[in-house]
Amino acid sequence: MTMPVMRTPRSVDLAITNRCNLRCTYCSHFTGAGDVGQELSKKEWLRFFQELNRYAIMKVTLQGGEPFCRNDLKDLIEGIVENRMRFNILSNGTLITDEMAKFLASTRRCDGVQISVDGSVPITHDSCRGEGSFFKAMQGINCLQKYGLRVSVRVTIHKHNVLDLENLARLLLEEIQLPGFSTNSACHLGLCKQNADQVQLSVEERSLAMQALQQLNKKYNGLISATAGPLAEGTTWLAMETAHREGSEPLPERGRLSGCNGPMSQLGVRADGVMVPCVQLSHMDLGRINHDDLGEVWRTHPELTRLRERRSISLNSFVYCQGCNYINYCTGNCPALAYEVFGQVNHPSPDGCLKRFLETGGRLPRLSDTNQ
Amino acid sequence: MQDLEKPVANPLVVLREEFDDWAVLFDPDTGNAFGLNPIGVFVWKRLDGHHDLKDLVKDVREHFEDVPNEAENHVQNFIQTMAQRGLVGCETLK
Ligand code: SF4
Ligand code: SF4
């Protein structure tokens with residue numbers, strides 16, 4: 001079964017720098033394959049933006065490391081604007097000044113800046129991100145809001161903030177009046193691998209976070225979102241559990257390795273200019289920008305084709321999944337996390353595995369606590 | 001076609017050809033995107049300030065099969081809708 005592939009990606013994630021002013025203990029970038037110890041010059045990025053224009057890319061996401069570490073960030077953004085694209089930025093928020101926020105707003109092309117906020121008070125936020133970072137991130141948000149920029153906060157849930165979620169939701173949604181925020185959790189990538197005992201949620205904490213987030217999302221009418229982490233898992237797993245209990249027909253696209261849609265519409269570029277299918281799959285070298293043609297890589301690179309075709313692989317073919325009650329309702333989850341554990345992307349990831357979660361003592365949220 | 005004798009596609013607007021001959025027009029200033037069918041794509045590529053409505057319809061008839069009689073209206077509406085959205089400008093006949 002082959003899915004049609006668009007001629008070029010719609011959006012590209014750009015790790016424009018390898019540097020960061022913080023060293024969060026669960027950072028997925030540092031020590032991972034994307035931590036390449038160097039970054040491209042302004043000239044090289046600007047040249048690449050012209051290619052993105054020729055290939056009609058609509059949007060880029062600037063990330064790193066910390067994008068605001070680059071002194072020439074304004075020049076890069078001007079290059080993005082000149083080349084007919086919009087952009088958003090993923091940031092820790094601590095380096096955003098009033099002047100920078102004003103500049104971003106003046107481009108009229110900024111779709112939003114995502115700031116990481118992990119706690120309602122410094123003690124929880126700074127526990128993994130370093131002293132002083134809470135107040136600086138809040139100042140950054142304040143600057144962005146002053147100029148009417150869209151701020152989307154991302155909360156990474158870990159051992160030190162799992163009991164602070166209610167206060168955090170109140171801070172973000174009531175006090176600073178964000179239109180919503182998203183969540184994920186510290187996962188087995190980058191620095192988190194070596195600090196797992198101190199930061200990663202235990203099964204019990206994961207169950208607690210799931211329950212708390214479902215209740216909060218009910219209270220706040222669905223203003224909390226997630227594509228990974230306890231909120232997303234709680235929702236997906238409850239649906240899987242219900243489908244299994246009711247003996248439902250297999251869900252569409254499930255029962256196969258269909259957990260990743262990234263390579264159907266987007267591409268990533270590491271700080272050293274190597275193209276990758278996703279920044280979380282930074283070990284997969286697809287070629288180098290300004291040397292290899294982006295359109296050709298997108299359409300013909302065998303690794304990318306293999307990744308797109310993984311959705312035809314049945315979960316029944318894995319010993320790992322055999323006998324599982326949820327097989328007809330499962331996607332096999334993120335390939336990047338599968339790679340971290342099994343060394344192969346074409347495998348289900350244990351991180352998002354409902355069977356394993358329940359076998360190790362995990363509890364699903366109550367249906368009555370959900371927003372459904 | 002009042003103001004739009006020889007329409008010109010706004011050069012800031014991005015034509016993204018995605019699947020087969022279908023495409024998306026993307027206005028980076030607003031973030032709006034509009035789907036185009038293959039005839040829309042064909043017409044869009046001829047909005048260069050050198051073709052008027054008659055030329056455009058003639059080209060469409062030559063290029064596609066079974067073009068309906070009301071094609072001229074369709075092309076005109078398409079251009080006017082695009083103009084209202086700021087995606088098309090004009091070079092008026094003096
Ligand atoms: S590899 Fe994982 S993080 Fe990347 S796009 Fe796929 S599912 Fe998302
Ligand atoms: S074993 Fe886990 S990954 Fe495999 S089908 Fe069951 S729930 Fe999904």
Side-chain angles (χ1 to χ4, degrees), chain A residues 1-12 14 49-62 76-89 104-114 148-150 152 179 261 263-267 293-296 298-299 308, chain B residues 4 6-51 56 59-60 63-66 74-75 78-91:
Chain A
M1 182 190 41
T2 43
M3 298 250 305
V5 177
M6 51 185 71
R7 286 186 202 183
T8 57
R10 274 197 194 145
S11 62
V12 181
L14 306 173
F49 295 162
Q50 293 173 3
E51 188 181 24
L52 295 182
N53 185 358
R54 281 197 302 282
Y55 278 125
I57 309 308
M58 300 196 287
K59 189 197 274 191
V60 289
T61 297
L62 306 181
L76 296 185
I77 289 174
E78 276 162 7
I80 290 164
V81 171
E82 269 165 35
N83 285 289
R84 306 189 301 175
M85 291 178 282
R86 296 184 71 79
F87 64 94
N88 51 34
I89 306 179
L104 295 176
S106 74
T107 67
R108 293 172 36 241
R109 296 284 184 87
C110 181
D111 279 332
V113 183
Q114 180 186 290
L149 288 153
R150 188 168 168 271
S152 55
N261 288 319
M264 306 311 283
S265 64
Q266 64 196 57
L267 203 63
D293 182 88
L294 176 131
E296 201 172 312
W298 176 256
R299 286 187 306 273
R308 290 179 186 133
Chain B
L4 295 164
K6 294 196 173 179
V8 190
N10 179 345
L12 263 184
V13 173
V14 179
L15 175 71
R16 256 191 73 76
E17 294 176 79
E18 294 202 328
F19 300 105
D20 302 322
D21 293 326
W22 291 72
V24 168
L25 276 184
F26 173 62
D27 180 351
D29 278 335
T30 60
N32 293 334
F34 310 94
L36 288 190
N37 66 20
I39 298 184
V41 176
F42 181 85
V43 171
W44 178 264
K45 288 180 174 173
R46 279 164 178 69
L47 301 182
D48 54 5
H50 299 297
H51 297 81
L56 294 168
D59 289 351
V60 168
H63 193 82
F64 294 93
E65 288 173 4
D66 302 326
H74 289 169
V75 175
F78 170 71
I79 292 167
Q80 278 178 339
T81 308
M82 292 294 133
Q84 280 156 9
R85 289 171 172 166
L87 308 182
V88 164
C90 60
E91 294 203 341

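Only heavy atoms go into these numbers, but all of them, side chains included; no hydrogens, no water, no symmetry mates. If you're wondering where the values come from, they're calculated on a predicted model, not measured in any experiment. Just so we're on the same page: letters track the sequence lines, and every chain starts at 1.
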(request) Find the one option among A:D111, A:V5, A:I57 whose heavy-atom pairs under 4.5 Å with chain B are most numerous. (result)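 Among A:D111, A:V5, A:I57, the one with the most close pairs to chain B is A:V5.
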(message) Counting heavy-atom pairs under 4.5 Å with chain B, which one of A:R108, A:M85, A:R86 comes out on top?
(response) A:R86
(request) For side-chain hydrogen bond (donor to acceptor under 3.5 Å, both in side chains), just list the numbers for A:T8 and B:R16, CA-CA rounded to whole Å, side-chain angles, deciding distance to a tenth of an Å, and then say yes or no. (result) CA-CA 8 Å; A:T8 57; B:R16 256 191 73 76; 3.0 Å; yes
Taking the side chain as every heavy atom from C-beta outward, state whether [X] and [Y] have any atom pair closer than 4.5 Å.
{"X": "A:R109", "Y": "B:P28", "value": "yes"}
{"X": "B:F26", "Y": "A:R84", "value": "no"}
{"X": "B:E18", "Y": "A:R10", "value": "yes"}

(request) Return the minimal non-hydrogen interatomic distance between A:A56 and B:V14, and the atom names on each side. (result)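 Closest approach of A:A56 to B:V14: CB-CG1, 3.4 Å.
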(request) With a 4.5 Å cut-off on heavy-atom pairs, point out which of B:D20, B:L12, B:V13 contacts chain A the most. (result) B:L12
